[in-house]
2 protein chains.
Amino acid sequence: MKRADSTKKRIMDVAESIILQKGFASTSIEEIIQQAHITKGGFFYHFDGKSELAYGLLNRYLSADDEFFNDLFSRARELTEDPLQQMLLFLKLLAEAMLALEDTHPGCLVAAFTYESQQFDHSIIETMKKGTLAWRALFSEQLSVIMASRKPRLAIEIDELADMLSAVLEGGIILSRILTDRHVLASQILQYRNYLRLLFENSIEVRTDD
Amino acid sequence: MKRADSTKKRIMDVAESIILQKGFASTSIEEIIQQAHITKGGFFYHFDGKSELAYGLLNRYLSADDEFFNDLFSRARELTEDPLQQMLLFLKLLAEAMLALEDTHPGCLVAAFTYESQQFDHSIIETMKKGTLAWRALFSEQLSVIMASRKPRLAIEIDELADMLSAVLEGGIILSRILTDRHVLASQILQYRNYLRLLFENSIEVRTDD
DNA sequence: AATTTACTATACCAAAGGTATAGTAAATTA
DNA sequence: TAATTTACTATACCTTTGGTATAGTAAATT
């Protein structure tokens with residue numbers, strides 16, 4: 001078990017990287033094993049097939065993502081007690097983290113799979129759905145705490161506001177990739193941050209919706 | 001030329017639909033010709049290969065998209081003279097249009113290609129880039145007119161604010177697909193609309209950034 | 001009548017996914 | 001320390017199918 005230590009991880013790292021560049025369908029097992037320096041037999045020892053690889057990658061991605069967000073939230077919560085300031089700080093840290101990525105281009109496995117969804121089975125689709133709802137829950141939770149003490153200037157649905165962060169991230173990634181400029185992604189996160197500031201910061205007057 | 005009249009369009013319609021469901025790589029010519037009721041030879045008469053199809057689809061998509069946005073802007077401009085109200089109305093019409101789509105699920109060809117970009121040649125990537133910059137230009141133009149008469153409550157870059165609409169659309173589409181609920185997309189457009197309202201509507205006081 | 005358009009019908013090849021089998025060095029367990 | 005399991009390498013093979021090429025043809029156009 002010593003030799004293997006990192007083989008499976010290396011396969012997954014290589015596979016994820018290639019998939020984010022060219023999509024799942026056109027990523028061949030051949031290419032994966034070449035870049036991971038193993039043989040086909042080695043690949044099939046760790047994964048029953050390509051579908052199992054997809055499933056494994058997706059689960060690992062969602063876990064890492066969840067940990068990453070929670071870590072940023074923890075750091076933000078250490079520095080301030082005000083829920084709004086925590087969220088604003090979280091977004092600042094997030095934007096900085098996106099700029100500091102060592103990857104050539106940012107990418108989200110869930111988004112990559114979304115546009116190839118028909119080739120995946122039900123369990124993968126369900127996992128993607130659960131992952132997306134987990135993001136919603138994570139952001140909603142913090143927004144709820146904010147709203148417990150502050151009234152937004154416009155009537156909003158918490159879930160929609162939470163989803164907007166996911167949307168801005170997914171969309172920002174796409175724009176960043178097309179324009180080959182990760183500053184686009186960072187700036188979008190800060191736009192969302194602005195929106196929250198306008199909604200919640202230093203209430204001047206509560207305006208009704210239309 | 002009479003027989004062909006609509007064949008090429010039918011091929012493209014079928015292809016676009018399948019590609020948005022399962023991605024470009026895993027969309028086989030076989031499947032396209034079956035659904036379009038032609039033979040392989042017929043397909044290659046119209047397109048030199050799969051790459052040419054991608055190129056044709058992308059250009060058609062970008063043209064249609066441009067026309068669609070401009071049409072909505074025209075309708076909005078007929079109803080009000082205030083640039084901000086025009087933009088807010090445009091977004092309302094856009095959100096309604098997204099709900100009224102007859103497609104099973106919304107999709108953007110540019111986004112679909114983005115996560116498979118490595119398999120496309122330079123000209124396609126360039127076209128995607130130009131298309132994205134065209135969206136930025138289109139939205140920036142209207143935002144500039146708004147800012148000519150109104151000061152935003154927070155300092156913002158027009159291009160970033162323009163990109164945010166593209167990002168929200170792309171991200172909203174992805175979320176809608178994952179959650180199989182197009183209301184998510186519509187609601188995200190309206191969130192962006194809220195952001196513009198908070199930035200520009202009825203200036204109460206001009207706040208400085210930080 | 002000649003040519004071009006818009007196809008149909010066949011055939012073919014390389015690539016890839018997946019499976020199967022034989023072998024082996026290292027680690028674990030008994 | 002012997003037996004077994006883990007974690008692989010190395011080959012080979014089968015089948016599917018994506019992509020391309022070529023030959024032929026009916027209808028429309030010139």
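Computed from a prediction, not measured in an experiment: that's the story for all the values here. Scope of the values below: all heavy atoms of this structure, side chains included, with no hydrogens, waters or symmetry mates.
Put simply, CD1 on A:Ile33 is 13 Å from C1' on D:dT11, counting in whole angstrom units. Between B:Phe43 atom CZ and C:dA9 atom P the separation is 18 Å, expressed in whole Å. Look at NZ on A:Lys8: it is 10 Å from P on D:dA7, rounded to the nearest Å. In this structure, B:Glu31 places its CD atom 12 Å from P of D:dG19, rounding to the nearest Å. For the pair B:Glu52 CD and D:dG19 C1', the interatomic distance rounds to 14 Å; values are reported in whole Å. Taking atom CD1 on B:Ile38 and atom C1' on C:dT5, their separation rounds to 15 Å, with Å as the unit. To the nearest angstrom, C1' of D:dA7 lies 18 Å from NZ of A:Lys9. Across the protein-nucleic acid pair, A:Phe47 atom CZ and C:dT19 atom P stand 15 Å apart, rounded to whole Å.
When the side-chain nitrogen and oxygen atoms of B:His46 are compared with OP1 and OP2 of C:dC7, one or more of them lie within a distance under 4.0 Å. A close approach under 4.0 Å does occur between a side-chain nitrogen or oxygen of B:Thr7 and OP1 or OP2 of C:dC7. Between A:Tyr45 and D:dC8 there is no side-chain polar atom (N or O) within less than 4.0 angstrom of OP1 or OP2.
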Query raised in the report: Going through the distances and angles, do A:Ile18 and A:Gln21 end up as a side chain to side chain contact (heavy atoms under 4.5 Å, CB included)?
Result: CA-CA 5 Å; A:Ile18 302 176; A:Gln21 293 290 325; 5.6 Å; no
Requested in this report: Take B:Phe139 and B:Phe69 through the ring-ring contact (aromatic ring centres under 6.0 Å, His included) test and state the conclusion after the steps.
Outcome: CA-CA 9 Å; B:Phe139 302 141; B:Phe69 284 141; 5.4 Å; yes
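Side-chain contact annotation: A:Gln119 with A:Glu116, donor-acceptor N/O pair under 3.5 Å present. Using modelled atom types, one finds no donor on one side chain facing an acceptor on the other under 3.5 Å when comparing B:Asp66 with B:Trp135.
In this entry C:dT29 has D:dA2 as its Watson-Crick or G-U wobble partner, both defining distances falling under 3.5 Å. If you check D:dT29 for Watson-Crick or wobble pairing at under 3.5 angstrom, you find it paired to C:dA2. Across the strands present, C:dG23 finds its partner in D:dC8; the criterion is a Watson-Crick or G-U wobble pair with both atom distances under 3.5 angstrom. Pairing of C:dC12, defined by two Watson-Crick or G-U wobble distances under 3.5 Å, is identified with D:dG19.
A salt bridge (Lys or Arg N to Asp or Glu O under 4.0 Å) check over residues 34-51 of chain B, counting only residues at least two apart or in different chains, returns the pairs B:Glu30-B:Lys40.
Few gaps surround CD on B:Glu126; more than 12 heavy atoms of other groups in view lie less than 6.0 Å from it.
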Every protein N/O within reach of nucleotides 15-17 of chain C N/O, cut-off under 3.5 Å:
{"residue": "C:dG17", "atom": "OP1", "partner": "A:Ile29", "partner atom": "N", "Å": "3.3"}
{"residue": "C:dG17", "atom": "OP2", "partner": "A:Ile29", "partner atom": "N", "Å": "3.1"}
{"residue": "C:dG17", "atom": "N7", "partner": "A:Lys40", "partner atom": "NZ", "Å": "3.4"}

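Contact between B:Met128 and B:Val110 at its shortest, heavy atoms only, is CE-O, 3.4 Å.
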